[in-house]
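Worksheet: one structure, shown below.
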Amino acid sequence: MTILTQQQQESLKAAIQDGLPLTARPYATLASGLGVPEDAVILQLEQWLQDGYIKRLGLVVRHHAVGYRANAMVVWNVPDDQVDALGEEMRQHPAITLCYRRPRRLPDWPYNLFCMIHGKDRTLVHQQIEALIQQLGLQNIQHAVLFSNRQFKQTGGRYARVG
Amino acid sequence: MMTTLARQLLDRYQRGLPLSANPYAEIAAELGVSEQDVLATLRQLREQKIITRVGPVFDHHKAGASTLVAMAVPPERLDEIAAYISRFDAVNHNYAREHDFNLWFVVTAADQQQLDAVLATIETDCGMPLLNLPMEQAYHIDLGFKLAWQD
C-alpha cells in the first residue's frame with residue numbers, strides 16, 4: 001500500500017482543485033501525473049473525505065445557472081451568548097444553505113452571524129427571511145440583507161502550496 | 001433545456017462521486033445509461049457553466065487558511081477593482097453586493113502567512129481598508145444544493 005508523501009499530497013490537491021479529469025479513469029490519470037499507483041490516489045481521497053478535509057466530492061453547481069438568481073447574504077447582530085444556539089437553529093432551516101459565525105468589526109460592521117439564502121427571485125427570498133424572523137423570534141435582532149448583483153468569479157478554493 | 005440525465009446527475013452526485021477505478025461507469029450503471037453519455041453530459045454541464053467542476057469541496061479550515069473580505073469601493077471604481085481582485089489565484093468567489101460594503105470575495109491559501117500576504121497586497125494596491133471576516137464557526141453541514149425543478 002502506497003501512502004502519499006506530503007509533497008505528493010500537495011500535488012494531488014493542486015491537480016484536483018479545478019476538478020477531476022472527465023475521462024473514464026480519472027484517478028488513474030491523476031496517479032500517472034504524480035507517478036504513484038491509482039490505489040494510492042483513491043485511498044488518499046477516501047482519507048480526506050473521512051477526515052472532513054474534503055466535505056464532498058461531486059458536481060459543484062453554480063446556483064445562478066440553475067435558476068437560483070437571487071442570492072442573499074443575510075447578516076445578524078446576535079448577542080455573543082446567543083449566537084451559537086441561533087446558528088444551530090438556523091442551519092436546520094430549509095431556506096438556509098450556509099451559516100457561519102464571523103467577527104464583528106466595529107464601528108463599521110456590527111454583524112456576527114452570516115447565512116446564505118438562494119432563491120428563484122428576490123420576492124421569494126424576502127418571504128423566506130420574513131418567515132425565518134417569525135419562526136425563530138428574531139424581531140429584535142438587527143440584520144441586513146445583501147443581495148449579490150454581479151458575480152465576478154466563482155471557482156474552487158486554492159489550497160495547494162505555492163512559492 | 002436540461003436533459004433528464006443532467007438533472008439526475010445534479011440531483012444525485014453533488015456528493016458521493018464513486019471512489020472506484022471507473023467512477024463514471026459506475027454512475028452510468030446506477031442510472032441505466034452509458035458511460036459515454038455520463039461523460040458527455042458532465043462535459044456539457046461544465047461548458048454551459050452550470051457546474052464549475054466535478055471535484056472536491058475542501059473544508060476551508062482543514063485544508064488551509066481562508067477568509068471572507070469586504071470592501072467599500074466607490075461605484076465608479078467597482079469594475080476596475082473587481083477585475084484586479086479576480087486576477088488573484090487565491091481569490092475564488094468574488095461578488096458585488098448591494099450595500100456600502102459592495103465588493104465581497106473569498107481568499108484561500110495554503111496557510112495563514114500566504115493569506116495575510118495576499119490581503120496586504122490588495123490593501124496596498126487598492127489604497128482602501130479591507131474588512132477581514134474569517135470564519136469562526138460553521139453551523140451547517142455542506143450536503144450540496146437541493147434543486148427544485150419546475151419544468
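Please read these numbers as outputs of a predicted model, since none were measured by experiment. Each chain gets a letter, A, B and so on, in the order its sequence line appears, and its residues count up from 1. No hydrogens, no waters, no symmetry mates; every other heavy atom, side chains included, goes into these values.
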Give, as side chain, backbone, both or neither, the part of [X] having an atom under 4.5 angstrom from any heavy atom of chain A.
| X | value |
| --- | --- |
| B/L45 | side chain |
| B/F101 | both |
| B/L42 | both |
| B/E98 | both |
| B/L9 | both |
| B/R12 | neither |
| B/A21 | both |

Kindly assign one of parallel, tilted or perpendicular to the pair B/F58 and A/W48, based on the angle between their ring planes and the thresholds 30° and 60°. perpendicular
Return the orientation label for the B/Y95 and B/H93 ring planes: parallel under 30°, perpendicular over 60°, tilted otherwise. parallel
Could you look at [X] and say if it's the side chain, the backbone, both or neither that has a heavy atom under 4.5 Å from chain B?
| X | value |
| --- | --- |
| A/E38 | side chain |
| A/A24 | both |
| A/D108 | both |
| A/V41 | neither |
| A/M90 | neither |
| A/P21 | backbone |

Hey, is A/R69 close enough to A/D121 for a salt bridge, meaning N to O under 4.0 Å? no
Could you check whether A/D80 pairs with A/R104 (Lys NZ or Arg NE/NH1/NH2 to Asp/Glu carboxylate O, under 4.0 Å)? yes
Value rounded to 0.5 Å, distance of CG in B/L68 from CG in B/L133: 5.5 Å
Check: [Y] main-chain N/O paired with [X] side-chain donor or acceptor under 3.5 Å:
| X | Y | value |
| --- | --- | --- |
| B/N94 | A/F152 | no |
| A/W109 | A/Y111 | yes |
| B/E123 | B/L130 | yes |

Go through B/D116 and B/Q112 one step at a time and tell me if the side-chain hydrogen bond (donor to acceptor under 3.5 Å, both in side chains) criterion holds. CA-CA 6 Å; B/D116 290 342; B/Q112 190 64 42; 3.0 Å; yes
Is there a donor in the side chain of A/D51 and an acceptor in the side chain of A/Q47, or the other way round, less than 3.5 Å apart? yes
Looking just at side-chain N and O atoms, do A/E46 and A/Q50 make a donor-acceptor pair shorter than 3.5 Å? no
Top contributor to chain A contacts, counting heavy-atom pairs under 4.5 Å, from B/P23, B/A72, B/A70: B/P23
Heaviest contributor of heavy-atom pairs below 4.5 Å to chain A, chosen from B/N102, B/N132, B/L103, is B/N132
Where B/P56 and A/L57 come nearest, the two heavy atoms and their spacing: N-CD1, 3.5 Å
What residue, out of [options], has the most heavy-atom pairs lying under 4.5 Å from chain B?
| options | value |
| --- | --- |
| A/N112, A/V145, A/D84 | A/D84 |
| A/I54, A/L22, A/L20, A/I16 | A/L22 |
| A/G58, A/G52, A/P94 | A/G58 |
| A/N71, A/L45, A/L49 | A/N71 |

